[in-house]
Amino acid sequence: MSSLYEQDFYQWTIEQANLLRAGALSQLDIENLIEEVESMGRSEKRELEHRLTVLITHLLKWDHQPERRGRSWENTIRIQRIDIRKVLKSSPGLNSQFEDAVYSAYEKAVIFAADETGLPESSFPETCPYTIEKIMGD
């Protein structure tokens, strides 16, 4: 079973799903199945952090360069908020990870905002200045 996992991941997923449907639990590739389920959870958290990074980057740019505000930045902010809500709706368990995700995202957002604005990283607050309500536009 592990060799199929290594040779043809897609076919392995089909086979595992069929085994689950049939109740053939003893035939499952448990080790790799556990790894993939855990990976799916990490992937959802990375998606949340990525979207928060993009959103916070644009909020920082919006606040630090008001003369450059435009529809593009505004649309990016709106779209990221919509997509973050979708991620949280499909995985409500991530709500408990939101503050940690903001913390992680903010570190990266400062780097991106500094690069994109030409401002030094020291121009931005050391910790995220935005409340959850401000981040989500509530």
Side-chain angles (χ1 to χ4, degrees):
M1 189 76 65
S2 284
S3 62
L4 181 58
Y5 174 80
E6 293 164 2
Q7 294 173 1
D8 188 344
F9 180 75
Y10 176 76
Q11 187 59 43
W12 176 85
T13 63
I14 300 298
E15 189 167 310
Q16 296 307 296
N18 288 336
L19 290 170
L20 282 167
R21 278 187 203 93
L25 304 182
S26 65
Q27 296 177 42
L28 288 170
D29 180 359
I30 297 295
E31 186 177 315
N32 287 318
L33 201 53
I34 290 169
E35 183 179 318
E36 290 305 320
V37 169
E38 290 173 338
S39 176
M40 288 169 37
R42 287 189 302 271
S43 176
E44 288 293 303
K45 187 172 181 189
R46 276 193 306 274
E47 174 76 12
L48 175 61
E49 287 179 7
H50 170 72
R51 299 221 172 263
L52 283 167
T53 299
V54 174
L55 172 57
I56 295 170
T57 298
H58 280 76
L59 291 174
L60 289 169
K61 293 182 344 180
W62 188 268
D63 290 345
H64 285 80
Q65 288 191 321
E67 72 281 359
R68 297 194 59 204
R69 290 177 182 169
R71 290 187 75 111
S72 175
W73 288 2
E74 186 177 352
N75 287 337
T76 297
I77 289 168
R78 291 175 64 210
I79 290 167
Q80 293 308 312
R81 285 174 171 159
I82 289 167
D83 288 343
I84 289 167
R85 284 187 187 94
K86 286 181 181 178
V87 169
L88 293 173
K89 185 176 181 181
S90 70
S91 295
L94 285 173
N95 283 304
S96 67
Q97 302 292 309
F98 196 83
E99 285 187 37
D100 288 341
V102 168
Y103 177 81
S104 177
Y106 185 72
E107 288 183 296
K108 294 178 267 183
V110 167
I111 294 167
F112 287 125
D115 183 57
E116 293 176 24
T117 62
L119 297 170
E121 288 181 28
S122 60
S123 311
F124 303 98
E126 284 187 35
T127 59
C128 185
Y130 307 115
T131 63
I132 292 172
E133 293 77 19
K134 171 72 174 177
I135 289 170
M136 296 308 296
D138 296 335

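Small disclaimer: the values here were computed from a predicted structure and weren't measured.
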Please list all pairs passing the salt bridge (Lys or Arg N to Asp or Glu O under 4.0 Å) test where one or both residues lie in residues 110-122, with sequence neighbours left out.
K61-E116
Partner set under ring-ring contact (aromatic ring centres under 6.0 Å, His included) for F124, not counting sequence neighbours:
H64
Is any side-chain heavy atom of V102 closer than 4.5 Å to a side-chain heavy atom of I132?
no
State the NZ-NZ distance between K86 and K89, to the nearest 0.5 angstrom.
9.5 Å
Do any pairs count as a ring-ring contact (aromatic ring centres under 6.0 Å, His included) and have a residue in residues 80-117, sequence neighbours left out, and if so which ones?
none
Nearest 0.5 angstrom please: L33 CG to L20 CG, how far?
6.0 Å
Residue pairs fulfilling ring-ring contact (aromatic ring centres under 6.0 Å, His included) with at least one residue in residues 20-41, sequence neighbours excluded:
none
Answer yes or no: is there a side-chain heavy-atom contact under 4.5 Å between E49 and L52?
no
Once you round to the nearest 0.5 Å, how far does CD1 of I84 lie from CG of L94?
11.5 Å
Could you check if a side-chain atom of W73 sits within less than 4.5 angstrom of a side-chain atom of Q65, using non-hydrogen atoms only?
yes
Flag for D29-W12: side-chain donor and acceptor within less than 3.5 Å:
yes
Residue pairs, two or more places apart or on separate chains, that pass salt bridge (Lys or Arg N to Asp or Glu O under 4.0 Å) and touch residues 33-45
none
Working note: E47 + R51, criterion salt bridge (charged side-chain N to carboxylate O under 4.0 Å, His left out); need CA distance, chi angles, decisive distance, verdict.
CA-CA 6 Å; E47 174 76 12; R51 299 221 172 263; 2.7 Å; yes
Residues 62-71 vs salt bridge (Lys or Arg N to Asp or Glu O under 4.0 Å), sequence neighbours excluded, gives none
